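Just so it is clear, the model here is predicted, and its values are computed rather than measured. These values consider heavy atoms only, across backbone and side chains, with no hydrogens, waters or symmetry-generated copies.
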Amino acid sequence: MSVEETWVGRHYVRFEPGDLLVMEFHGPILPGEMAALARLTDERLLARGRLFVLCDISDAGGFSHGSRHELRDRPRKLPPHFVAYVGAPAPVRVVLDLVIRATSSLTGAKIAHRFFETQAKARAWLEEMHTKAA
């Protein structure tokens with residue numbers, strides 16, 4: 001399986017072998033971008049039945065009010081997925097935890113997530129989750 005990559009605004013998205021989605025955010029996530037990013041994620045999640053996401057937000061500029069509301073349009077009954085966040089300061093961790101809980105509630109998805117300082121540690125956790133989910 002080859003690596004697929006694309007850009008959504010200033011945000012980089014790469015699908016790697018083994019159900020791994022790598023997202024790197026650069027600057028604020030604007031309205032329209034969150035919907036496009038969620039659509040990319042959900043299409044793959046629904047097609048594969050699970051997804052492992054490494055989300056590097058160390059260079060992110062925050063979520064606009066409109067972009068947060070775009071998450072409400074995600075499909076219902078999403079399969080379980082695993083998300084490793086890299087570079088999130090404490091206040092952002094609190095907001096992301098709330099967004100994930102709301103997304104889980106709205107979609108019925110079980111979303112396991114953790115926060116890490118490095119991509120290497122995030123990848124190690126995702127590999128552990130991949131092994132447990134097999």
Are the side chains of [Y] and [X] in contact, using a 4.5 Å heavy-atom criterion?
X: Ser104; Y: Ile100; result: yes
X: His113; Y: Asp97; result: yes
X: Leu96; Y: Ile57; result: yes

Nearest atoms (heavy-atom pairs only) where [X] meets [Y]:
X: Trp125; Y: Ala84; result: CE3-CB, 3.9 Å
X: Asp19; Y: Leu51; result: O-CD1, 3.5 Å
X: Cys55; Y: Val83; result: CB-CG1, 4.3 Å
X: Val86; Y: Glu117; result: CG1-O, 3.9 Å

Side-chain donor or acceptor of Arg14 paired with backbone N/O of Val22 under 3.5 Å: no
Output a table of donor-acceptor pairs, distance under 3.5 Å, between side-chain atoms of residues 28-39 and any protein atom two or more places apart or on a different chain; print 'none' if there are none.
{"unit_1": "Glu33", "atom_1": "OE1", "unit_2": "His11", "atom_2": "NE2", "d": "3.0"}
{"unit_1": "Glu33", "atom_1": "OE1", "unit_2": "Leu30", "atom_2": "N", "d": "2.8"}

Salt-bridge present (Lys132, Glu128; N to O < 4.0 Å): yes
Distance (rounded to the nearest 0.5 Å) between [X] [atom1] and [Y] [atom2]:
X: Leu46; Y: Asp42; atom1: CG; atom2: CG; answer: 6.0 Å
X: Glu24; Y: Arg10; atom1: CD; atom2: CZ; answer: 13.5 Å
X: Thr6; Y: Tyr12; atom1: OG1; atom2: OH; answer: 9.5 Å
X: His130; Y: Leu20; atom1: NE2; atom2: CG; answer: 8.5 Å
X: Asp59; Y: Phe25; atom1: CG; atom2: CZ; answer: 11.5 Å

If hydrophobic clusters are built from ILVMFWY residues whose side chains come within less than 4.5 Å, do [X] and [Y] share one?
X: Leu54; Y: Phe116; answer: yes
X: Leu40; Y: Val53; answer: yes
X: Val8; Y: Leu21; answer: yes

Greater than 12 external heavy atoms within 6.0 Å of Arg93's CZ: yes
Stepwise salt bridge (charged side-chain N to carboxylate O under 4.0 Å, His left out) test for Arg44 and Glu4: CA-CA 12 Å; Arg44 187 63 58 105; Glu4 301 171 45; 3.0 Å; yes
Listed partners of Glu43 passing side chain to side chain donor-acceptor pair (under 3.5 Å), at least two apart: none
